[in-house]
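Input: a single structure, listed below in structure tokens.
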Amino acid sequence: MYIYDDYDQALVDQRVAQFADQTNRFLAGELTGEEFRPLRLQNGLYIQRHAPMLRVAIPYGHLRADQVRKLAAIARTYDRSYAHFTTRQNIQYNWPKLEDVPAILAELATVQMHAIQTSGNCIRNTTTDQFAGVAFDEIVDPRPWCEIIRQWSTFHPEFAHLPRKFKIAVSGSVGDRAATLVHDIGLHAVRNAAGEVGFKVLVGGGLGRTPIIGSVIRDFLEPHHLLTYLDAILRVYNRYGRRDNKYKARIKILVKAMTPESFAAKVEAEWAFLKDGPATLTQAEIDRVSQFFTAPAYETLPGDDAGFVQLQAENKAFARFVERNVFKHKQPGYVAVTLSLKKTGVAPGDATADQLDAVADLADQYAYGELRVSHEQNLILADVKQSDVAALWESAKALGLATPNIGLLTDIIACPGGDFCDLANAKSIPIAEGVQKLFDNLDDLFDLGELDLNISGCMNSCGHHHVGNIGILGVDKNGSEWYQISLGGRQGYEASLGKVIGPSFAQDDVPGVIRQVIDVFVEQREGDERFIDVFDRVGIEPFKARVYQKERAHG
Amino acid sequence: MVKTPHVIKLDRQTGEIEVTANHWLRLAEASDDPVPAHSLLPLAEWLERKDELIGRDDVGIWFKPDDEPETLGADAANVAIIAVEFPAFTDGRGFSIGRLLRERYGFAGELRAVGDVFKDTLLYLRRCGFDAFEVRADKDVHEAAKGLHDFSDAYQTSAEQPLPLFRRRSA
């Protein structure tokens, strides 16, 4: 895990002082609400439906146990003893007081955390694979590159006020677990013909009201050119991205308008001036940052642990937990364990202060004091000995964090929705709960196999509904809340966008409609096909026919 | 009558700061002959009259956010003052204009930020090569000047610091 030096710490401390000054000037009337708004957003502070909301960065989803305890302490002191993990590896507090925010930031700074650029029209938190560094299919550990990008993007003088928000995701593996195709910039680690590692660069992906899959603008970028190339992309976007209409201001609109080929040519022309300049990464810097992400002191184990294997044969509940929540590790005898924040009846991604403290203890006990957050809003202990999984499972069960549903229908990605968010057209949390209740029987849930269901409360798509196998979008119709359902979306390198099934539904009807969609899937399914396989084979029509067989929908 | 804003001037060598009255006027068009002293002309107009104006140290250029530094090119080296307009402080195009003028086109004169300019963007502007700041008339100019010192260092390369932190950190 990266450890701040005096330079890093000074910047975070000085940001706390700067934000305290901005808050004081706003409260004293020296800054208008309109002026303060972009300034506070650049520090993750929204004024929401009920109270301010503060979004704290978890750079590339990594946390130390002491940081988790600090997050818990902040939740108790300044909020209502819980917090919400987001789809971009951040954490949000829903009830802080505006005047308390400088104090919260000061507390975060003591554990090398901050809320810098977690919102606003700037470069946001860089996200990556929650299994970075331990995944069996990894080409390169993406974390040093994420940290290098974090430093480059923090207070970048030229890109502080972009046309719109800007999100970068990095994948270092064969499989993409970071939704890189739907980011403003997606970086994929690849090997060239000579076996050297570099990045494939995609731009212009994104969700929101105009969902687009990113386009490749460079097949292979040598790693030491990463920052000058990013500078070139951002400069083209900063200068030519639309600023007259916020709905057309994302880079995806510029890339589409120019065509990816012309955009790539413009970037290359700009890069020609920057390439090999002083911002070119040095091997010394790559090494300096990489040394923070070395493997922990693993025990040398012969392979799979006998007790771990045996308990799976004897105990169905444990076997289910292993099947869904345990991920293959590159180190023999170790696994990565996902703690589910998707228990039925709890808002997806929410954790209480007590749970956070307990998870910090589990991280200390079983996982070298570190944990990760996934963009699916779960927590991961990345380095657990197989022989410890049973004990960890028992502890996690007692905490309500062992629901064996990772990748299944009830592992729902959802935004906070209309219960909290000012932007939302409709609620998300009760919809998630309604669906979870309907599929609460584990046998049934397991039989259905892998299925992503994602819910967004509005077109901003924080709940990634476009890339859910089943997507649910809250829409406003004459002041009442309705839900549009789409099918066939998926994430990963094969990412594609779901197709809207038809007219939207009232809140009470949504679980029933999902039931019908699942019924069609089960009837059409051959063998162990996944939902998405069936959808690809039979298309949307059978689902449409069932769902609209009687008049339920309203225009 | 709009109150004339004060200007914060930064000595890029010594870092010294001075607050002065503004002497420069932005002219939407200068049909008069000759162009009066202390005029800032829109880029297109300056380019039209380049032969007459180049080398005059009492006439400068006024960039709008969609003006392209490329159209001025290397002539930037022979201009005494360029003002870049920020219609809103959240319009960051002027940051790129500043860096391009300084780092690519050899502009060494006064680079002045005008428009929606106040404390909270001054340091970004400074790092993009600006050394004069026409602070909005309704803001306290001395308070604004403190914004130039919000941070003691920065990670990136910039017009002010050509070496990124990682090249200085290991030194």
Side-chain angles (χ1 to χ4, degrees), chain A residues 5-8 10-11 13-15 17-18 21-22 25 30-32 34-39 41-42 120-122 148 150-163 227-228 231 234-241 243 270 273-274 277-282 284-289, chain B residues 65-70 86-100 102-105 116 118-130 136 138-140 143-144 146-147 149-171:
Chain A
D5 67 7
D6 291 345
Y7 289 106
D8 303 303
L11 285 169
D13 290 343
Q14 288 165 2
R15 177 59 175 142
Q18 184 191 43
D21 170 65
Q22 289 170 341
R25 281 187 289 137
E30 292 166 32
L31 280 172
T32 65
E34 203 185 337
E35 288 163 354
F36 185 49
R37 186 173 175 278
L39 301 174
L41 285 178
Q42 301 235 336
N121 296 333
C122 51
I148 285 168
R150 183 191 76 82
Q151 297 191 15
W152 162 81
S153 62
T154 298
F155 309 132
H156 196 300
E158 188 176 345
F159 309 131
H161 293 290
L162 295 168
L227 298 187
T228 53
D231 271 326
L234 266 295
R235 182 171 282 172
V236 171
Y237 172 54
N238 188 44
R239 293 182 68 189
Y240 302 109
R243 290 174 185 266
E270 179 60 41
F273 288 103
L274 304 172
T280 305
L281 280 163
T282 59
E285 174 65 358
I286 295 168
D287 293 345
R288 183 187 77 86
V289 178
Chain B
D66 55 358
D67 284 333
E68 307 245 0
E70 287 83 350
F86 290 81
F89 77 96
T90 50
D91 186 336
R93 288 175 289 180
F95 294 136
S96 291
I97 293 173
R99 289 195 70 177
L100 288 168
R102 284 283 194 229
E103 295 173 68
R104 189 165 302 165
Y105 297 112
D116 194 16
F118 55 97
K119 184 177 186 180
D120 302 277
T121 55
L122 289 204
L123 185 52
Y124 286 134
L125 289 166
R126 170 184 183 163
R127 295 176 57 209
C128 288
F130 289 83
R136 248 170 53 191
D138 60 328
K139 298 284 185 187
D140 180 339
E143 174 68 19
K146 293 179 192 164
H149 303 290
D150 277 347
F151 293 93
S152 53
D153 209 330
Y155 289 118
Q156 305 82 4
T157 166
S158 68
E160 188 187 41
Q161 170 52 271
L163 292 182
L165 182 60
F166 65 77
R167 285 183 189 269
R168 294 178 284 118
R169 213 169 206 160
S170 49

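- Residue contact with chain A, scored on non-hydrogen atoms closer than 4.5 Å, involves the side chain of B:Lys139 exclusively.
- Rounded to the nearest 0.5 angstrom, B:Leu165 CG and A:Asp8 CG are separated by 7.5 Å.
- Geometrically, A:Arg288 does not engage B:Phe166 in a cation-pi contact, judged by NZ or CZ lying under 6.0 Å from the ring centre and within 45° of the ring axis.
- Both the backbone and the side chain of B:Ser96 come within contact range of chain A, with heavy atoms under 4.5 Å apart.
- Proximity to chain B (any heavy atom under 4.5 Å) is shown, for A:Leu281, by both the backbone and the side chain.
- Contact annotation: the side chain of B:Phe89 approaches that of A:Leu39 to within less than 4.5 Å [non-hydrogen atoms, C-beta and beyond].
- Among B:Lys146, B:Arg127, B:Arg126, the residue making the largest number of heavy-atom pairs under 4.5 Å with chain A is B:Arg127.
- Only the side chain of A:Asp21 comes within contact range of chain B, with heavy atoms under 4.5 Å apart.
- Both the backbone and the side chain of A:Arg239 come within less than 4.5 Å of a heavy atom of chain B.
- Residue contact with chain B, scored on non-hydrogen atoms closer than 4.5 Å, involves the side chain of A:Arg150 exclusively.
- Contact annotation for B:Glu143: only side-chain heavy atoms (C-beta onward) come within less than 4.5 Å of a heavy atom of chain A.
- Although no hydrogens or angles enter the test, the distance criterion places no donor-acceptor pair under 3.5 Å between the side chain of B:Arg99 and the main chain of A:Glu158.
- Of the atoms belonging to A:Leu234, not a single heavy atom falls under 4.5 Å from chain B.
- A salt bridge is defined here as a Lys NZ or Arg NE, NH1 or NH2 lying under 4.0 Å from an Asp or Glu carboxylate O, and B:Asp140 with A:Arg25 fails to meet this definition.
- Looking at A:Asn238, the atoms closer than 4.5 Å to chain B (heavy atoms on both sides) sit in the backbone and in the side chain alike.
- For chain A, the nearby parts of B:Asp91 are the backbone and the side chain; heavy atoms of each come within less than 4.5 Å.
- Taken from CZ in B:Phe95 to CZ in A:Phe159, the straight-line distance is 11.0 Å, to the nearest 0.5 Å.
- Within the 3.5 Å criterion, the main-chain N or O of A:Pro157 finds no donor-acceptor partner in the side chain of B:Gln156.
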Stepwise side-chain contact (heavy atoms from CB on, under 4.5 Å) check, A:Leu274 with B:Arg104:
CA-CA 10 Å; A:Leu274 304 172; B:Arg104 189 165 302 165; 4.1 Å; yes

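- Using a 4.5 Å cut-off between heavy atoms, A:Gln18 touches chain B through its side chain atoms alone.
- Within the 4.5 angstrom heavy-atom criterion, atoms from both the backbone and the side chain of B:Pro69 approach chain A.
- Between chain A and the options B:Asp150, B:Thr121, B:Asp116, B:Asp120, heavy-atom pairs under 4.5 Å are most frequent for B:Asp120.
- Here the side chain of B:Arg167 pairs a donor or acceptor atom with the backbone of A:Thr280 at under 3.5 angstrom.
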side-chain contact (heavy atoms from CB on, under 4.5 Å) assessment of B:Thr157 paired with A:Leu227
CA-CA 10 Å; B:Thr157 166; A:Leu227 298 187; over 6 Å; no

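- Salt bridge A:Asp5/B:Arg169: present, at least one basic N to carboxylate O contact under 4.0 Å.
- Of the listed residues (A:Arg235, A:Gln151, A:Glu285), the one with the most heavy-atom contacts under 4.5 Å to chain B is A:Gln151.
- In this structure, A:Glu35 pairs ionically with B:Arg136, as a charged nitrogen and a carboxylate oxygen lie closer than 4.0 Å.
- A:Phe273 has its side chain out of reach of B:Glu103: every pair of non-hydrogen atoms, C-beta onward, lies at least 4.5 Å apart.
- Here the CD atom belonging to A:Glu270 is positioned 6.0 Å from the CG atom belonging to B:Leu100, to the nearest 0.5 angstrom.
- Nearest heavy-atom pair, B:Asp153 versus A:Tyr7, reported as atom, atom and distance to 0.1 Å: OD2-CE2, 3.6 Å.
- A 6.0 Å sphere centred on CD of A:Glu34 holds no more than 12 heavy atoms belonging to other residues, nucleotides or ligands.
- Under the 30°/60° scheme for interplanar angles, the aromatic rings of A:Phe155 and B:Tyr124 are found to be tilted.
- Nearest approach of B:Pro164 to A:Ala279, heavy atoms of both residues: CG-CA, 4.2 Å.
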